[in-house]
Amino acid sequence: MSPEPFSETKFERIQSGLECTVVMLSELEDSFRLDPEFYKKKYVLFERWAMKHPHTFIKNEAAFARKGIFDINAHEYTSEGVPFVRISNLKNMFIDGFNMAYISDNADKLNPKTHLSMGDVVLSKTGEPAASIVNLPECNTSQDIIAIKLKKKASIIAEYLVAFFNTEEGKSALERRFTGNVQMHLNLTECKEKIPIPLFSIEFQNYIKGLINKANKAFVKADEELTLAMNKLDLAIDSVSSIPNVTQQMLPANNVSIKNFSDVCESKRLDAEYYQNKYYVIESYLSSLPTTTINNEFKLIKNNPSKYYAYSGTIGVVKTKQLTHFGIDDSVEDFIKVKDLSVSGLSLLKKKDVVFASMGVGSLGKVGMFTGDGEYTTDSTLKIYRAKDTCRVLPEVLLVYLGSRWAQELIYRYVVGSTGIINIYDTDINKIPVPLLNHDDQIDIANHITNFYSYKNLANKFLKLATYYIDFAISKSEEEANFAIKNQ
């Protein structure tokens with residue numbers, strides 16, 4: 001049998017199974033970039049598709065698109081004022097207010113060119129692609145953010161733009177425009193001029209906007225439930241305390257503390273921060289309560305799956321980046337295979353497991369609870385607390401308590417390490433007293449947390465639908481996407 005003659009059809013068939021792209025000289029970027037990563041198949045295929053369909057660019061639609069304030073330092077942050085959006089605030093297509101920094105009104109007025117309001121758009125300029133809609137009345141932005149305000153007569157809607165940048169195609173289009181070696185940066189000029197944005201009908205864009213708005217309302221409801229749970233914790237602690245109204249007292253501003261040498265020997269700590277007066281006020285208050293410790297009530301589980309990572313696995317690996325404000329994001333990047341589970345000794349997450357981040361600047365102290373959807377394990381930076389049969393503290397209560405100001409202060413008291421590598425030892429976590437609240441109060445807190453997760457899941461459902469229908473319109477057509485929407 002004679003071999004099949006070489007042809008363009010055969011060449012395309014060979015290519016289809018390989019991660020390679022053939023690019024003509026005429027298709028090279030103006031800058032004549034020759035780095036192979038820039039011409040990844042997914043990048044080139046989307047751009048070729050976009051060029052054949054109606055599209056636009058940010059430069060055509062934005063009143064301005066510029067990076068945030070450059071000359072402002074962390075010591076200029078204030079406890080209140082104008083929200084100052086940083087990369088860590090870009091979560092789930094919205095601005096997450098957890099750990100929000102603020103700048104003074106005066107600092108904001110000195111930087112009017114990056115001042116944004118409700119409905120504007122922010123992109124991550126460093127690290128990795130991220131896009132969010134501004135869901136705050138006003139804010140300003142840091143230098144690692146690209147602030148975008150669309151024109152009043154723009155042909156794209158802000159919510160649609162954000163949803164597009166959160167699709168696989170949109171994230172890839174942003175990712176392609178990141179440059180640098182040690183730290184990658186989104187090229188602002190290329191972001192404005194080179195990323196094609198599919199131009200679907202206003203009716204389709206408005207449908208996407210409606211999904212985003214529904215998600216925002218659900219997130220607001222979730223935050224309300226979490227606030228009720230946190231407030232209930234404070235009230236419940238106060239009700240069993242022998243010292244009334246302590247939850248309303250301010251922690252001491254005076255940080256001068258005189259200790260005996262024996263105290264230093266006992267704690268084995270020489271750092272002055274460890275002996276701040278606020279810790280003794282908190283300990284004194286908590287000592288007036290009936291308390292227990294985490295190791296008395298919960299089993300500690302630690303995993304280390306790194307050598308079993310696989311791109312095609314079915315069990316997701318949750319890392320600190322997936323641990324959000326009291327939640328766990330299921331958009332994992334690493335997996336393990338089922339066959340490796342038995343030989344690895346890894347434990348899968350179970351419903352109502354409390355997951356705690358014990359390492360990393362900006363991550364240590366984060367806490368979430370697994371709600372039981374899907375199969376996941378954790379990496380070595382996370383600790384799993386699973387209720388024992390004799391547990392007297394509901395997992396929801398432990399979740400809220402570990403995220404409370406009381407526990408967070410004590411957690412950071414015991415932190416060790418420096419230069420970005422910090423952690424807390426298991427023995428020190430077990431020194432933190434956990435209040436034993438009455439059963440009715442615990443049930444009340446648990447109900448609020450159940451509602452919190454229900455609203456979060458609903459919000460995420462709307463966000464996934466928004467990106468799904470944009471993906472559908474790109475891969476099929478807008479007409480078929482609209483048909484799917486009508487028949488969902």
Side-chain angles (χ1 to χ4, degrees), residues 79-80 83 88-89 91-92 94-102 135-136 217-241 243-251 278 281-283 285-286 288-292 294 297-298 323-328 352-357 363-371 385 387 392-413 429 432-459:
S79 57
E80 57 184 21
S88 59
N89 300 118
K91 302 284 186 184
N92 296 318
F94 293 101
I95 305 298
D96 185 353
F98 181 63
N99 281 339
M100 177 68 73
Y102 295 86
N135 53 323
L136 304 170
K217 290 178 181 178
F219 277 131
V220 170
K221 288 287 189 181
D223 287 342
E224 288 174 355
E225 291 292 338
L226 181 59
T227 299
L228 288 170
M230 299 292 284
N231 290 342
K232 183 64 181 180
L233 176 75
D234 270 356
L235 290 172
I237 289 176
D238 193 45
S239 69
V240 294
S241 171
I243 310 174
N245 300 321
V246 172
T247 55
Q248 306 302 317
Q249 294 180 6
M250 296 295 291
L251 294 176
K278 63 179 179 180
V281 172
I282 293 171
E283 285 182 338
Y285 172 57
L286 293 177
S288 69
L289 314 172
T291 61
T292 183
I294 293 178
E297 312 297 331
F298 293 83
L323 209 57
T324 60
H325 184 41
F326 288 91
I328 298 175
K352 294 196 176 184
D353 279 350
V354 176
V355 182
F356 176 79
S363 298
L364 193 152
K366 284 185 178 179
V367 62
M369 190 172 73
F370 185 63
T371 55
Y385 293 117
R392 295 168 293 170
V393 178
L394 293 179
E396 295 90 344
V397 175
L398 179 66
L399 171 81
V400 176
Y401 177 68
L402 286 177
S404 72
R405 55 185 174 138
W406 306 111
Q408 287 289 307
E409 288 284 5
L410 294 179
I411 286 167
Y412 272 84
R413 182 190 192 188
I429 293 177
I432 297 173
V434 179
L436 283 171
L437 307 179
N438 69 62
H439 185 68
D440 288 344
D441 286 335
Q442 291 200 48
I443 292 295
D444 197 4
I445 291 171
N447 287 338
H448 286 306
I449 292 301
T450 299
N451 294 338
F452 165 72
Y453 282 116
S454 294
Y455 282 121
K456 282 197 68 157
N457 290 338
L458 180 62

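Bear in mind that the values here come from a model prediction, so they are computed numbers and not experimental data.
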Nearest 0.5 Å, what's the [atom1]-[atom2] distance between [X] and [Y]?
X: Lys456; Y: Thr324; atom1: NZ; atom2: OG1; value: 3.5 Å
X: Ile445; Y: Leu233; atom1: CD1; atom2: CG; value: 5.0 Å
X: Thr227; Y: Asp223; atom1: OG1; atom2: CG; value: 6.5 Å
X: Ile411; Y: Ser404; atom1: CD1; atom2: OG; value: 8.0 Å
X: Asn451; Y: Glu225; atom1: CG; atom2: CD; value: 4.0 Å
X: Leu289; Y: Ile237; atom1: CG; atom2: CD1; value: 6.5 Å

Under the 3.5 angstrom rule, does the side chain of [X] hit a backbone N or O of [Y] as a donor-acceptor pair?
X: Tyr401; Y: Trp406; answer: no
X: Asn457; Y: Tyr453; answer: yes
X: Asn89; Y: Ile95; answer: no
X: Glu396; Y: Met369; answer: no

Tell me, with the steps shown, if Val220 and Tyr455 meet side chain to side chain contact (heavy atoms under 4.5 Å, CB included). CA-CA 9 Å; Val220 170; Tyr455 282 121; over 6 Å; no
Is [Y] close to [X] at the side-chain level, that is, under 4.5 Å between some pair of heavy atoms?
X: Leu136; Y: Met100; answer: yes
X: His325; Y: Asp96; answer: yes
X: Val367; Y: Leu323; answer: no
X: Ile432; Y: Ile294; answer: no
X: Asp441; Y: Val397; answer: no

Taking every non-hydrogen atom, the tightest pair across [X] and [Y]:
X: Gly403; Y: Met230; result: O-CE, 3.7 Å
X: Val400; Y: Phe326; result: CA-CE2, 3.9 Å
X: Thr291; Y: Pro435; result: CG2-CA, 4.0 Å
X: Ser363; Y: Ala357; result: O-CB, 3.3 Å
X: Leu364; Y: Tyr412; result: O-OH, 2.5 Å

Using the rule side chain to side chain contact (heavy atoms under 4.5 Å, CB included), only one of Ile443, Ile449, Leu399 pairs with Leu394; which is it?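 Exactly one pass, corresponding to Ile443.
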Have a look at Arg413 and tell me which of Gln408, Lys278, Glu283 forms a side chain to side chain contact (heavy atoms under 4.5 Å, CB included) with it.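 Passing option: Glu283.
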Hey, what's the ring geometry for Tyr385 with Phe298, parallel, tilted or perpendicular (30° and 60° as the breaks)?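 Rings of Tyr385 and Phe298: perpendicular, over 60°.
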Just wondering, are more than 12 heavy atoms of other shown residues or ligands nearer than 6.0 Å to NZ in Lys352?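 Result for NZ/Lys352: open.
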